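Input: a single structure, listed below in C-alpha cells.
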Amino acid sequence: AQKVTQAQTEISVVEKEDVTLDCVYETRDTTYYLFWYKQPPSGELVFLIRRNSFDEQNEISGRYSWNFQKSTSSFNFTITASQVVDSAVYFCALSDHNYGQNFVFGPGTRLSVLP
Amino acid sequence: DSGVTQTPKHLITATGQRVTLRCSPRSGDLSVYWYQQSLDQGLQFLIQYYNGEERAKGNILERFSAQQFPDLHSELNLSSLELGDSALYFCASSAGQGNSPLHFGNGTRLTVT
C-alpha cells in the first residue's frame, strides 16, 4: 500500500529564515509521481509541483526548491528566505501510474512564518 | 482559477437534514475525488470516480453517498447530518493518468447546527 509521511506537524520560523519541509513516501511501484500542495489560510488548495519517479533532478522555482531522493524515499521542499505569505499548510502527495490513479496525501505540515 | 467548480460555497443546515454538494470538474478531466477536511485537520479521502464509475472508497460514512454523471459532474450526498459532519468538503479532478495533478475546487463549507 502507498503511504506518505510528513513527520513535522508544525514549524515556526522567523521571516528570512530558510525552512525545509520533509516528506517520506512508501510504494512498491517502480513508476510513481510525487506532488506538493499549499493550503494558505484562505483555504484553497494550490498545486505547486509534480515529480516523476524516474527523474531525480532537483528543481528550483524562485525561492522554492525540491529535493527528490529515491534512495531515501524522500521528496523534501525547501523555502529560502521565507516570507509571511509562505504561512500555510503544505501537503505532500503520491500517485501511482495507473489510469484512474490512486492519490495519497500526507497529513500536512503547518508552516508559520513570523515577521 | 483551478477550473473546478463547487457549489454551494457555504451551507448551513440542522442536524438530521440532508444536503447535496455539487462539483463540475475541469474540462477534459475524467477523475473526480471528494475529500473532507475538518477544522485544522488533514485531507480525509472519501471517494473517487473515474469516467462515471466508482474507482476507490476511503473513509466514507454509510450516511454519505456520491455519484458521477455521464457529463462527468459529481454530487456528494450527506444525510442524517450530525454536528461532527461540519467541515470543508473539497472536490478535485484530474485527467486520470498517473502524472496528472489533482486540481481542487474552492470547497464547500458545511456547518451543521
Side-chain angles (χ1 to χ4, degrees), chain A residues 1-10 21 23 25 27 29-55 66 68 75 87-112, chain B residues 1-6 9-10 23 25-26 29-59 68 72 74 87-111:
Chain A
Q2 296 181 305
K3 184 179 178 181
V4 175
T5 301
Q6 295 179 257
Q8 305 150 309
T9 306
E10 294 191 31
L21 310 182
C23 172
Y25 62 92
T27 180
D29 295 335
T30 54
T31 301
Y32 52 88
Y33 306 89
L34 296 162
F35 305 81
W36 275 95
Y37 285 81
K38 174 182 180 180
Q39 187 177 34
S42 51
E44 72 273 21
L45 279 151
V46 180
F47 163 62
L48 294 178
I49 190 172
R50 169 189 58 212
R51 174 60 72 207
N52 305 325
S53 58
F54 42 86
D55 180 5
W66 291 268
F68 175 35
F75 185 43
S87 296
V89 179
Y90 291 87
F91 293 96
C92 180
L94 169 68
S95 168
D96 63 20
H97 186 56
N98 301 318
Y99 280 90
Q101 65 202 120
N102 178 26
F103 227 99
V104 176
F105 280 86
T109 297
R110 181 179 299 277
L111 173 65
S112 298
Chain B
D1 182 8
S2 68
V4 179
T5 303
Q6 284 189 253
K9 288 185 179 180
H10 301 277
C23 172
R26 286 194 330 157
D29 282 356
L30 298 178
S31 268
V32 169
Y33 300 72
W34 286 98
Y35 289 87
Q36 179 193 55
Q37 187 177 39
S38 300
L39 189 62
D40 291 335
Q41 298 295 311
L43 294 165
Q44 297 297 318
F45 169 62
L46 295 178
I47 198 164
Q48 177 201 355
Y49 286 86
Y50 177 70
N51 203 18
E53 293 189 2
E54 184 182 302
R55 170 71 172 75
K57 248 183 180 179
N59 299 320
Q68 186 180 27
L72 301 178
S74 179
L88 193 53
Y89 291 85
F90 283 106
C91 168
S93 74
S94 81
Q97 300 175 37
N99 62 351
S100 307
L102 292 189
H103 295 275
F104 284 83
N106 287 331
T108 293
R109 183 167 295 282
L110 174 66
T111 303

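This structure is a prediction, so every number in the text was calculated from the model and none was measured. Computation of the quantities below employed the complete heavy-atom set of this structure, encompassing side-chain atoms and omitting hydrogens, waters and symmetry-equivalent molecules. So you know, we letter chains A, B, ... as the sequences are listed, proteins then strands, and number each from 1.
There is no contact between B:Gln44 and chain A, counting heavy-atom distances below 4.5 Å. With a 4.5 Å cut-off on non-hydrogen atoms, B:Phe90 touches chain A through its side chain but not through its backbone. Contact of A:Arg51 with chain B is not made at all, since no heavy-atom distance falls under 4.5 Å. Neither the backbone nor the side chain of B:Leu30 comes within contact range of chain A, judged by heavy atoms closer than 4.5 Å. No part of A:Tyr32 comes within reach of chain B, as not one of its non-hydrogen atoms sits under 4.5 angstrom from that chain.
Atoms CZ and OG, on A:Phe103 and B:Ser94 in that order, are 7.0 Å from each other to the nearest 0.5 Å. With rounding to the nearest 0.5 angstrom, the CZ atom of A:Phe105 is 4.5 Å from the OH atom of B:Tyr35. One distance of note links CD of A:Glu44 with CG of B:Asp1; it measures 11.0 Å at 0.5 Å rounding.
Top candidate by heavy-atom pairs under 4.5 Å with chain A, chosen from B:Ala92, B:Ser2, B:Gly105, B:Ser100, is B:Ser100. Of the listed residues (B:His103, B:Arg109, B:Gln37, B:Glu53), the greatest number of heavy-atom pairs within a distance under 4.5 Å of chain A belongs to B:Gln37.
Closest heavy-atom contact between B:Asn99 and A:Arg50: O-NH1, 2.6 Å.
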Worked check of side chain to side chain contact (heavy atoms under 4.5 Å, CB included) between A:Leu45 and B:Leu43: CA-CA 10 Å; A:Leu45 279 151; B:Leu43 294 165; 3.9 Å; yes
Go through A:Phe35 and B:Leu102 one step at a time and tell me if the side chain to side chain contact (heavy atoms under 4.5 Å, CB included) criterion holds. CA-CA 9 Å; A:Phe35 305 81; B:Leu102 292 189; over 6 Å; no
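By the 6.0 Å contact criterion, CG on A:Asp55 is enclosed, its count of non-hydrogen atoms from other residues, nucleotides or ligands being greater than 12.
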